[in-house]
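Step one of this worksheet: look at the structure below.
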Amino acid sequence: MSRKIFVFDTTLRDGEQVPGAKLNKRQKLEIATQLAKLGVDVIEAGFPCSSPEELQAVSAVAEQVRGPVIAGLARAVKQDIDIAWEAVQKAERPRLHVFLGASDIHLQKKLRRDRESAMEMAVEAVRYAKKYCEDVEYSTEDASRSDFDYLCRVIEAAIGAGATVINVPDTVGYAIPDEYGDLIRRLREGIPALDHVTLSVHCHNDLGLAVANSLAAIRNGASQVECTINGIGERAGNASLEEIVMNLKTRPASYQAYTDIQTQEIYRTSRMVSRLMNIPVQPNKAIVGANAFAHSSGVHQDGILKDRKTYEIIRPEDVGIRQHNIVLTARSGRAALRHRLTDLGFELNPEQFERVYNRFVSVADRKKEIATEDLRVIVEIELTRVPETFSFHSMQIMSGNTMTPLASVTLLKEEQKLTDAATGNGPVDAAFNCIERIVGQQGKLRDYDLKAVTMGRDALGEAMVRVEIGDSIYSGIGTSPDVIEASTRAYLNAFNRFFANSQA
Ligand SMILES: [Zn+2]
């Protein structure tokens with residue numbers, strides 16, 4: 001008999017803790033809306049007490065996103081719980097998620113408490129949260145390194161105080177599958193009360209075992225998994241949602257468990273998270289990497305052509321990677337573009353559609369055919385724009401192996417054209433120097449990633465940058481068939497985020 005596994009997505013909380021991945025309210029809402037479409041059971045929308053902006057963003061998700069449970073994280077103290085409740089109270093189904101260390105090292109070094117007083121604190125916090133909210137999740141932080149008997153007592157006490165979900169995290173990614181599965185089984189055997197609550201796991205990937213540990217826990221009776229899109233999260237990341245889900249779906253006989261995830265939405269969600277949080281997906285990443293379904297050796301290609309099942313265990317379309325045959329060009333017109341966008345699941349208002357159409361025409365002018373992937377990139381970029389203090393107008397580059405590269409860039413500020421020229425160590429550096437001169441602000445490039453998002457020599461290049469401006473790091477993204485232009489647009493995009501942020 002197959003059991004339902006509840007998918008608790010923490011992309012917007014644990015995932016957002018990745019340096020440089022901070023989202024604003026609008027971006028958070030956009031991802032949360034997509035997660036609801038993906039069919040996750042719980043969205044952990046954030047850690048509301050971390051900042052007033054975070055509180056606002058979590059509140060917006062709670063108010064506007066329907067379907068999943070919306071959870072807010074809180075330390076086991078009243079003030080945190082008050083703020084978390086303020087954030088999630090308007091949700092259709094709110095949940096308060098309270099956590100406290102359970103291992104001796106966390107108790108002694110971090111909390112400076114003995115076991116008994118920590119247990120009292122946990123009980124008090126659950127009771128306090130329960131006054132606000134029927135659904136209270138309690139996390140025994142660092143459970144995998146905790147004393148087993150103490151862990152059992154804390155869990156029993158938390159259930160006694162009203163917890164509806166007990167989470168047993170491998171906070172530091174130290175567990176290995178057999179041992180972790182065993183821990184879950186022993187907890188279930190030792191604590192009968194666990195039968196009446198949801199037993200959850202939350203695994204980190206420090207040893208590359210987050211997904212394996214989560215699956216071992218499922219096989220041993222866990223009924224909720226905490227995970228993130230693309231496996232992003234603190235340090236080496238969390239368990240990847242798409243890998244857990246596709247394991248259960250591909251090997252049903254082995255796991256006897258299923259999720260309610262709409263797997264055809266996986267790829268789109270993965271791209272959206274990567275783009276909005278500026279965290280590229282490694283090409284060989286299982287399920288969602290660019291090469292996950294690419295067959296390169298002749299023998300494999302031959303097999304695939306004869307029967308896909310020879311070398312393919314998952315159909316790309318099952319995770320939402322669709323092959324389209326209609327070719328869009330600069331002459332395709334609005335109707336064809338609109339049709340294709342609807343096909344891809346994008347719902348744009350007229351103003352957004354016009355912006356997408358204009359960008360489409362300018363890309364299609366330089367690139368003969370616009371592939372589905374090109375279109376996704378164009379739409380996602382147009383939909384996730386920050387207000388532009390400076391907008392890109394044009395650029396020229398002189399470069400070669402025997403000369404100092406020289407760039408001239410023209411930006412628009414309102415109606416005014418601003419042009420400057422600069423040299424640099426390379427053409428990209430020269431263009432970046434131009435931008436800094438025009439906007440009158442220095443930046444330090446922390447990270448630079450350039451890749452072709454589509455196939456072929458006329459592929460669309462996508463540049464992602466992280467730039468230190470003032471005391472913060474700002475991400476930027478830019479797309480163009482010309483890689484220097486893509487990089488320049490990305491750099492400018494980071495500065496526009498900086499200006500948008502300093503005006504807000
Ligand atoms: Zn975590």
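Residue numbers count from 1 along this sequence. Note that ligands are numbered from 1 as they come in the structure, with each ligand's atoms numbered from 1 the same way.
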Using 30° and 60° as the class boundaries, would you call the ring planes of Tyr132 and Trp85 parallel, tilted or perpendicular?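 If you compare the ring of Tyr132 with that of Trp85, the planes turn out parallel.
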Do you know which of Phe499, Phe495, Tyr491, Phe498 makes ring pair (Phe, Tyr, Trp, His ring centres under 6.0 Å) with Tyr474?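 Among Phe499, Phe495, Tyr491, Phe498, the one that satisfies the ring pair (Phe, Tyr, Trp, His ring centres under 6.0 Å) with Tyr474 is Phe498.
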Do Ser200 and Glu226 get their side chains close enough for a donor-acceptor pair, meaning under 3.5 Å?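 Short answer, yes.
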Within 45 degrees of the ring normal and closer than 6.0 Å to the centroid, is that where the cationic atom of Lys4 sits relative to Phe6?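 Judged by the rule, Lys4 and Phe6 form a cation-pi pair.
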Report the atom name of the nearest N/O/S atom of Asp14 relative to the Zn ion (ligand 1).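 The closest N, O or S atom of Asp14 to the Zn ion (ligand 1) is OD2.
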Is any N, O or S atom of Glu226 under 2.8 Å away from the Zn ion (ligand 1)?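 No N, O or S atom of Glu226 is closer than 2.8 Å to the Zn ion (ligand 1), so no.
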At the Zn ion (ligand 1), what angle lies between atom NE2 of His202 and atom NE2 of His204, rounded to 10 degrees?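 Angle NE2(His202)-the Zn ion (ligand 1)-NE2(His204): 100°, rounded to 10°.
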